[in-house]
Amino acid sequence: QVQLVESGGGLVQPGGSLRLSCTASRTIFNIYTMGWYRQAPGKQRELVATITFGGTTNYADSVKGRFTISRDYAMNTVYLQMNSLKPEDTAVYYCNLRSSKSYWGQGTQVTVSS
């Protein structure tokens with residue numbers, strides 16, 4: 001059993017920054033992809049960013065140039081650095097780890113508002 005624990009969410013003004021962290025409770029072998037998804041009010045969950053074991057990244061068009069995904073395999077952690085935040089970034093953000101199974105974090109609220 002794997003638990004994904006997220007942290008770093010909160011309230012920030014437009015143009016501000018936040019860094020989300022997600023740590024797995026134990027080392028997982030054969031990780032294919034780690035990533036972040038988000039769900040805004042009234043919308044379905046959508047992909048924000050992913051990173052493969054080899055370090056290849058992929059971003060939603062809406063966050064390219066503003067968000068950066070990274071990982072620390074030794075610490076079983078994936079990060080999402082969010083800069084130049086906009087009100088439309090407001091959502092619950094979920095960490096995801098994909099191997100032979102798919103694991104999800106509990107979600108962390110990000111609110112961008114003045």
Side-chain angles (χ1 to χ4, degrees):
Q1 181 171 309
V2 176
Q3 305 291 330
L4 301 181
V5 181
E6 302 177 355
S7 63
L11 174 65
V12 65
Q13 294 185 338
S17 298
L18 287 173
R19 189 181 75 157
L20 306 183
S21 299
C22 173
T23 300
S25 60
R26 66 176 178 87
T27 300
I28 305 298
F29 295 98
N30 303 120
I31 295 174
Y32 304 142
T33 305
M34 300 182 73
W36 292 90
Y37 294 71
R38 68 187 182 187
Q39 187 167 19
K43 291 183 173 289
Q44 66 180 4
R45 189 174 301 184
E46 65 178 355
L47 184 149
V48 177
T50 60
I51 185 167
T52 69
F53 181 81
T56 300
T57 58
N58 184 47
Y59 297 92
D61 288 341
S62 60
V63 307
K64 287 181 179 177
R66 300 188 297 119
F67 291 10
T68 302
I69 188 170
S70 60
R71 77 277 187 267
D72 183 342
Y73 288 120
M75 298 298 294
N76 304 312
T77 301
V78 62
Y79 304 95
L80 185 68
Q81 179 66 46
M82 305 184 293
N83 298 325
S84 302
L85 283 162
K86 305 174 180 179
E88 51 262 45
D89 294 318
T90 295
V92 177
Y93 284 70
Y94 297 89
C95 176
N96 173 254
L97 184 157
R98 182 186 172 212
S99 59
S100 59
K101 297 181 179 180
S102 185
Y103 303 92
W104 291 91
Q106 80 284 357
T108 184
Q109 177 70 49
V110 172
T111 302
V112 185
S113 177
S114 59

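Since this is a predicted model, take the numbers as computed values, not measurements. These values consider heavy atoms only, across backbone and side chains, with no hydrogens, waters or symmetry-generated copies.
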Reported [atom1]-to-[atom2] distance for the pair [X] and [Y], which is rounded to 0.5 angstrom:
{"X": "Ser100", "Y": "Ile31", "atom1": "OG", "atom2": "CD1", "answer": "10.5 Å"}
{"X": "Arg98", "Y": "Met34", "atom1": "CZ", "atom2": "CE", "answer": "13.5 Å"}
{"X": "Asn76", "Y": "Leu97", "atom1": "CG", "atom2": "CG", "answer": "9.0 Å"}

### Over 12 non-hydrogen atoms of neighbours within 6.0 angstrom of CD in Glu88
yes

### Message
Take a 6.0 Å sphere around CZ of Arg66 and say whether it holds more than 12 heavy atoms from other residues, nucleotides or ligands.
### Response
yes

### Query
Do Lys86 and Asp89 sit within salt-bridge range, that is, some charged N less than 4.0 Å from a carboxylate O?
no

Please name the pair of heavy atoms, one in [X] and one in [Y], separated by the smallest distance, quoted to 0.1 Å.
{"X": "Gln106", "Y": "Val5", "answer": "OE1-CA, 4.0 Å"}
{"X": "Thr50", "Y": "Thr33", "answer": "CB-CG2, 3.6 Å"}
{"X": "Asn96", "Y": "Ser102", "answer": "ND2-OG, 2.9 Å"}
{"X": "Tyr59", "Y": "Ala49", "answer": "CD2-CB, 3.5 Å"}
{"X": "Met82", "Y": "Tyr93", "answer": "SD-CE2, 3.9 Å"}
{"X": "Ser114", "Y": "Pro14", "answer": "N-CD, 3.7 Å"}

Report yes if some heavy atom in the side chain of [X] is under 4.5 Å from a heavy atom in the side chain of [Y]; otherwise report no.
{"X": "Tyr79", "Y": "Asp72", "result": "yes"}
{"X": "Val78", "Y": "Trp36", "result": "yes"}
{"X": "Glu6", "Y": "Tyr94", "result": "yes"}
{"X": "Phe67", "Y": "Leu85", "result": "yes"}

Does [X] belong to the same Ile/Leu/Val/Met/Phe/Trp/Tyr cluster as [Y], with side-chain heavy atoms less than 4.5 Å apart forming each link?
{"X": "Tyr37", "Y": "Ile69", "result": "no"}
{"X": "Ile51", "Y": "Tyr103", "result": "yes"}
{"X": "Leu20", "Y": "Val12", "result": "yes"}

### Message
Testing Leu47, Val63, Val92, Val110 one by one against Arg38 for a side-chain contact (heavy atoms from CB on, under 4.5 Å), which residue passes?
### Response
Val63

### Thr23-Thr77 side chain donor-acceptor pair, cut-off 3.5 Å
yes

### Query
Without hydrogens or angle criteria, can the side chains of Asn83 and Ser17 be said to hold a donor-acceptor pair below 3.5 Å?
yes

